Amino acid sequence: MEPNRAPGPDGQPIGRRRFLRYLLGFTVVSTFAMVATPILGFLIPPKTQGGGAGGRFPAGTTDDLPIGQGAVVAMGNKPVIVVNTDQGVKAYSAICTHLGCIVAYDSTLTHIVCPCHDGHFNPLSGQVLSGPPPAPLPPVDVSVEGKDIFLVST
């Protein structure tokens with residue numbers, strides 16, 4: 001009596017050796033695909049949105065960001081921190097100049113703070129107040145039209 005075997009593509013039962021050959025072939029193909037996919041992803045980067053030079057990006061309204069508050073918003077693919085101060089709306093790159101962490105606004109301290117290594121920045125000028133950051137936050141041009149806040153990229 002012949003053992004119960006599943007038929008292969010040619011109608012013949014699949015033996016152990018043929019099954020292992022199929023399994024080995026599948027393993028080789030899947031391993032190649034897992035290695036090739038990240039390499040191709042690196043060599044052919046995705047298309048980015050808004051990669052052109054210049055533009056205006058909405059950052060909210062003064063109702064969303066009352067005086068004494070700050071928020072991190074996206075300007076294209078870069079984070080920007082927008083702070084509404086007594087002296088007007090200010091905007092800076094939200095990437096800390098120390099190790100590249102994303103900064104946030106602390107309304108109790110009224111400082112821009114980097115959570116990674118406790119760097120503090122002045123919300124009026126972007127200058128370093130304390131901590132390890134070696135340079136101030138780069139400013140970003142901001143425009144307030146009525147109640148709308150726009151970030152201007154050059």
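Values in this document were obtained by computation on a predicted structure and should not be read as measured data. One-based numbering along the sequence shown. All values below were derived from every heavy atom in this structure, side-chain atoms included, with hydrogens, water molecules and symmetry-related copies excluded.
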Checklist outcome for this item: In short, Tyr92 meets Val140 closest at the heavy-atom pair C-CG2, 3.8 Å
Checklist entry - What residues form a side-chain contact (heavy atoms from CB on, under 4.5 Å) with Asp148, not counting sequence neighbours? => result Thr61, Phe150
Next on the checklist: Applying a strict under-4.5 Å side-chain criterion to I, L, V, M, F, W and Y, I'd like to know whether Phe42 and Val35 cluster together.
Outcome noted: yes
Next on the checklist: Ignoring hydrogens, what is the shortest heavy-atom contact between Tyr105 and Pro123? Give both atom names and the distance.
Outcome noted: CE1-CB, 3.9 Å
Next on the checklist: When you group the ILVMFWY residues by side-chain heavy-atom contacts below 4.5 Å and let the links chain together, are Val29 and Phe26 in the same group?
Outcome noted: no
Checklist entry - Who passes side-chain contact (heavy atoms from CB on, under 4.5 Å) against Pro134, sequence neighbours left out? => result Thr97, His98
Checklist entry - What pairs meet the ring-ring contact (aromatic ring centres under 6.0 Å, His included) rule with one or both residues in residues 119-143, with sequence neighbours excluded? => result His111-His120
Item to check | Cluster link Leu65 to Val80, ILVMFWY, side chain under 4.5 Å | outcome: yes
Item to check | Side-chain donor/acceptor of Thr110 to backbone N/O of Ser107, under 3.5 Å | outcome: no
Checklist outcome for this item: Sequence neighbours excluded, the answer for salt bridge (Lys or Arg N to Asp or Glu O under 4.0 Å) partners of Lys147 is Asp63
Item to check | Residues, nucleotides or ligands: over 12 heavy atoms within 6.0 Å of Glu145 CD | outcome: yes
Checklist outcome for this item: Separation between SG (Cys114) and CG (Leu99), nearest 0.5 Å, reads 8.0 Å
Checklist outcome for this item: Nearest heavy-atom contact between Val72 and Ala94 is CG1-CB, 4.1 Å
Next on the checklist: If you define the side chain from C-beta out and look only at heavy atoms, does anything of Arg56 sit under 4.5 Å from Met75?
Outcome noted: no
Checklist outcome for this item: Ala135 and Val128 have their tightest heavy-atom pair at O-CG2, 3.3 Å
Checklist outcome for this item: Heavy-atom nearest pair, Val89 first then Val142, reads O-CG1, 3.2 Å
Item to check | Partners passing side-chain contact (heavy atoms from CB on, under 4.5 Å) against Ile95 (at least two apart in sequence or in another chain) | outcome: Pro79, Ser93, Ile102
Checklist entry - Is Cys96 close enough to Cys116 that their SG atoms are under 2.5 Å apart? => result no
Checklist entry - Sequence neighbours excluded, which residues qualify as side-chain contact (heavy atoms from CB on, under 4.5 Å) partners of Ser125? => result Asn122, Gln127
Checklist entry - Are Ile67 and Thr85 close enough, and set up right, to give a side chain to side chain contact (heavy atoms under 4.5 Å, CB included), and what steps lead you there? => result CA-CA 5 Å; Ile67 292 178; Thr85 67; over 6 Å; no
Item to check | Heavy-atom pair of closest approach, residues His117 and Pro132 | outcome: O-CD, 3.3 Å
Item to check | Within-4.5 Å side-chain heavy-atom neighbours: Ile112 and Ile81 | outcome: yes
Item to check | Common cluster, Ile149/Val73, ILVMFWY with side-chain heavy-atom separation under 4.5 Å | outcome: yes
